[in-house]
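Have a look at the structure below, then the notes.
So that the names make sense, note that chain A is the first sequence line, chain B the second, and so on, each numbered from 1. As the structure is a computational prediction, the values presented were derived from the model and not from experiment.
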There are 2 protein chains.
Amino acid sequence: MVDVARRAGTSTQTVSRVLSRPELVSEATRVLVEKAVRELNYIPNSAARLLASTTSRIVAVIIPSLSATVYAREVDQIIRVLEPASFSVMIGHSDYSERREERLIQSFLERRPDGFILTGTQHTDLARELLKNSGVPVVETFDGDNDAMDISVGFSNYEAGRKVGDLFRSRGLTRIAYVGGRIEQDFRSNARFDGLDSRLREDGLAPVARIQLKLPMSARDGVAGLDQVLDVDPLTQAIFFSADALAISALLECNRRGVRVPEQMALCGFGNYDLADATMPALTTVAVPFETIGELAATAILDRINDRVKEPRRITLPLQLLRRGSA
Amino acid sequence: MVDVARRAGTSTQTVSRVLSRPELVSEATRVLVEKAVRELNYIPNSAARLLASTTSRIVAVIIPSLSATVYAREVDQIIRVLEPASFSVMIGHSDYSERREERLIQSFLERRPDGFILTGTQHTDLARELLKNSGVPVVETFDGDNDAMDISVGFSNYEAGRKVGDLFRSRGLTRIAYVGGRIEQDFRSNARFDGLDSRLREDGLAPVARIQLKLPMSARDGVAGLDQVLDVDPLTQAIFFSADALAISALLECNRRGVRVPEQMALCGFGNYDLADATMPALTTVAVPFETIGELAATAILDRINDRVKEPRRITLPLQLLRRGSA
DNA sequence: GCGATTTATGATATCGCTAACACTGCTTTC
DNA sequence: GAAAGCAGTGTTAGCGATATCATAAATCGC
C-alpha cells in the first residue's frame, strides 16, 4: 500500500479510502490511485484490514455434510447471496455431531467471522456460550420446530410428518412405517417421525416400524430400509422415507420385484429431488425449499450485519406435499 | 494474549509458543498457560497471526457450482482432508465462466490463501498471472488431458469418450449421439465428445447428433436431450450422456414410452451416481473417482505447503467403464 | 468579504500476533 | 574446572492495514 501511495503521490490513508470508501475521495486522486493499483498489481491484505477494522467479511457455515444434496444446494444459494456483497464463505462439516460442531465453531471463531449459519437448533452448551460471548450474528436453519438463539430460517419437520400421515390416512391405510436416520443423530428426521406418529395416534394407530439408518445415507440404503420394514411387518402398506434418494431406490426396487406402487405399497419421500418426478409412478414427496432457506439465511445475516434488523426473527417456510403417483 | 500471559505469569511469546509449538515449552508453564487460556476463554486472532507469520491456513477452492453432485462430493473430501490439518476451506462458484473464476481468484488472493484448488485447466491469462505472481501452490482438477500450471489431479475425459465409443462399437451400433453441456462452457464435456468422435471416426463413422444443453443442467434436461436427439435422427441407436442424472431420467422416460433399453436405445451415463444401479436396466456408466480427486488434490496442496514435494506433478486417475444393462 | 462549514487529505497510533535475537541457568565435555 | 552447548524464557520490532484526529483548501451564507 505504501508503494501504491508513493506511485500515486498520495498517502496510504488516501489509498485505503479509494479502496473501501471511494466516495470520500476526489475524482482526480481516485483515478490516480486506481491507476497505481492496476500498474502495481496491488492486492490488499485482508488480514491487516481485519486487524485494523475488526470486520472480516467472512461468514462461517456449518452443515452436516456437503454430500447430502439438500445442504449442498443450500450452501450454493448462500454463496450466491454473500459473494456479491463481498463476503467469503467458510464451510465446515458437523457430520451430524454436536461435538464436532462445537469444535468447528471454536476454530472458526479464530477467523472472527461476521456471521454464522448453522444447521438445526441443537448445540452443545459450550457452543452456545462461545457464540453468545463472541457477539457474532447467528442464523439457524432447517428447524422451525424449536426455539432458535436469534434468527431462524426453516420449516416444520413435525408438520411434514403430519402432512404425510394425513395423506396415508386419507387413503385408509393403517400399516404405516417410517425410515430415517439414527435417532441420536438426525434430530430433524426425528421431528418428522413425531409428526407422523402423532397423526396416526389421532386415529388410534401407531407406526408399524421405525427403521434407523446410519448416517450418512446412500441411495442403496433405501432398499435396505424397505427390506427391514418388511422384516418387521410384511403386511406394511405405506412407507415414509426421510429422503427422496431412499424412496426412489425403494420405488425402483418395488418395480423390479413386481410390487405394485401404490396399490400394494405406497411410498412417500422427502425433499423433492431432481429425479423424484422421473420415476414411474412419479414419487409423492414433500417439497422442501432448501434453496430458499439458503437465500433467506444469507440475507438475514447481511441484514443483521448491516443493522437493518435488530430483533430476533423466526422465518418458517411453508411445505408442499406433492401428491404424485406413488402414494 | 496479554491477559493470558499476565494470568499465567509469563510473556506473550510463551503463550504464543504454547499455542503453536508447545514442544518448545516446559510442561509446567504449558499447563499454566493452558489453564489461563481456558479460564479466560481466550480465542486467538488468526488475522494477527497471519499478519505476523504470513501463513493463513486457508485453502481456496473454486468449482463451477456446488449444485452439481460431482463437485459437492469433491469439496466434501477436500474439507475432510484439510480440516484435520487445521486449514479452513473457502469456496467460490465459477458458474463455468473463466471471467468469474478470474474475479474470484483476485478476491480470494486478498485473504492470502496457502493454496488454490481449481477446476479444469482453462483460465484467463490474468488469472494465471495473478496466481504465478502470488506464488501460491495451485492444484488443477478434473482435467487430465491438458497441461497444468503446476500440479494436476484428474482423469482423461478424452479417454472416457473413447471407452464409451468402444463399447457402442463392440455392439455394432452405428447411429450414436452425444448429449452434453454448451461447447463454450463445458470444456471437459467437449473432451468426452472428442474422444467419442475420434473413436467413431476410426470406423468411418461420425456422431449422428451432438446436443448442447445450457448449464447448469437438471435431471429433467435428460428427457429434453433425448427428444432433441430423436428430432435430429429418429433412428438413433445409442446416446452417451455427459452426466448420470441426464441418462437416468432419459432411461426412465424410455421405460415410460415403451422404448426398450438397450435393444432399441442403448444409454450410457457418466459419473456413476448413487442411483445409477437402481434403475431397470441398471445404467451403464463411467465411474469417475471424484471423491478420490478431492482427497488427492487436498493432499497434494498439503505436500506442497509443507515442502514435501517440490516438482510439478500430474496425477491421472484411471476410469472404469461399468457395463451394466443399459448398454 | 469574513467567519463558519464542508470537503479532501495527511500524520500518527494502534490492531494482536510472531520472528529473531538475547539472555539465564544448567548440563556436558574433555 | 573452563568452554561449549542447550533448554527455556523474555525483549523488541515489525506484519499491512484503518480509526482518529488534525490540517489545508474550497465553498457557503449573509
Looking at C:dT18, I'd like to know if its phosphate oxygens (OP1 or OP2) sit under 4.0 Å from a side-chain N or O belonging to B:S16. yes
Name the one of A:L109, A:D150, A:V59, A:I305 that satisfies side-chain contact (heavy atoms from CB on, under 4.5 Å) with A:V136? A:L109
Atom CG of A:L32 and atom C1' of C:dT9 are separated, to the nearest Å, by 14 Å
Rounded to the nearest Å, what distance is computed from the CG atom of residue A:D3 to the C1' atom of nucleotide D:dG16? 12 Å
Any N or O donor-acceptor pair under 3.5 Å from the base of C:dG10 to the side chain of A:R17? yes
Taking for each residue the nucleotide of DNA chain C bearing the nearest heavy atom, is the 5' side occupied by B:L19 or by A:T12? A:T12
Quickly work out the B:E110 CD to D:dT18 P distance and round it to whole Å. 10 Å
Hey, would you say the A:F142 and A:Y71 ring centroids sit under 6.0 Å apart? yes
Between C1' of D:dT18 and CG of A:L24, the distance in whole Å: 13 Å
Whole-Å distance, B:R111 CZ to D:dA17 P, equals 14 Å
Report yes if at least one side-chain N or O of B:T29 is closer than 4.0 Å to OP1 or OP2 of D:dT9; otherwise report no. yes
With no hydrogens and no angle check, is any side-chain donor or acceptor of A:T299 less than 3.5 Å from a backbone partner on A:E295? yes
Which nucleotide in the set C:dC17, C:dA19, C:dT9 lies at the smallest distance from any side-chain heavy atom of B:N45? C:dC17
What is the distance from CG of A:L50 to C1' of D:dC15, rounded to the nearest Å? 14 Å
Go through C:dA11, C:dT18, C:dG16 for me and flag the one nearest to the A:Q13 side chain. C:dA11
To the nearest angstrom, the CD-C1' distance between B:E23 and D:dT9 comes to 15 Å
Classify the nucleic acid contact of A:V25 as base, sugar-phosphate or nothing, counting any heavy atom under 4.0 Å across all strands shown. sugar-phosphate
Looking only at side-chain N and O atoms, does A:D143 offer a donor or acceptor that is under 3.5 Å from a partner on A:S152? no
Closest nucleotide of DNA chain D for B:T54 versus for B:T14: which of these residues is on the 5' side? B:T14
Of the nucleotides C:dG10, C:dT9, D:dT18, which has the atom closest to the A:M1 side chain? D:dT18
In whole angstrom, give the distance that lies between atom CZ of B:R21 and atom C1' of C:dC17. 15 Å
Among C:dT18, D:dG8, D:dA19, which nucleotide has an atom closest to any side-chain atom of A:S53? D:dA19
Flag this pair as yes if the NZ/CZ of B:R57 is under 6.0 angstrom from the six-membered ring centre of B:F87 and inside a 45 degree cone about the axis; otherwise no. yes
Residue B:L51, side-chain atoms from C-beta onward, closest of D:dG8, D:dC15, D:dA17: D:dC15
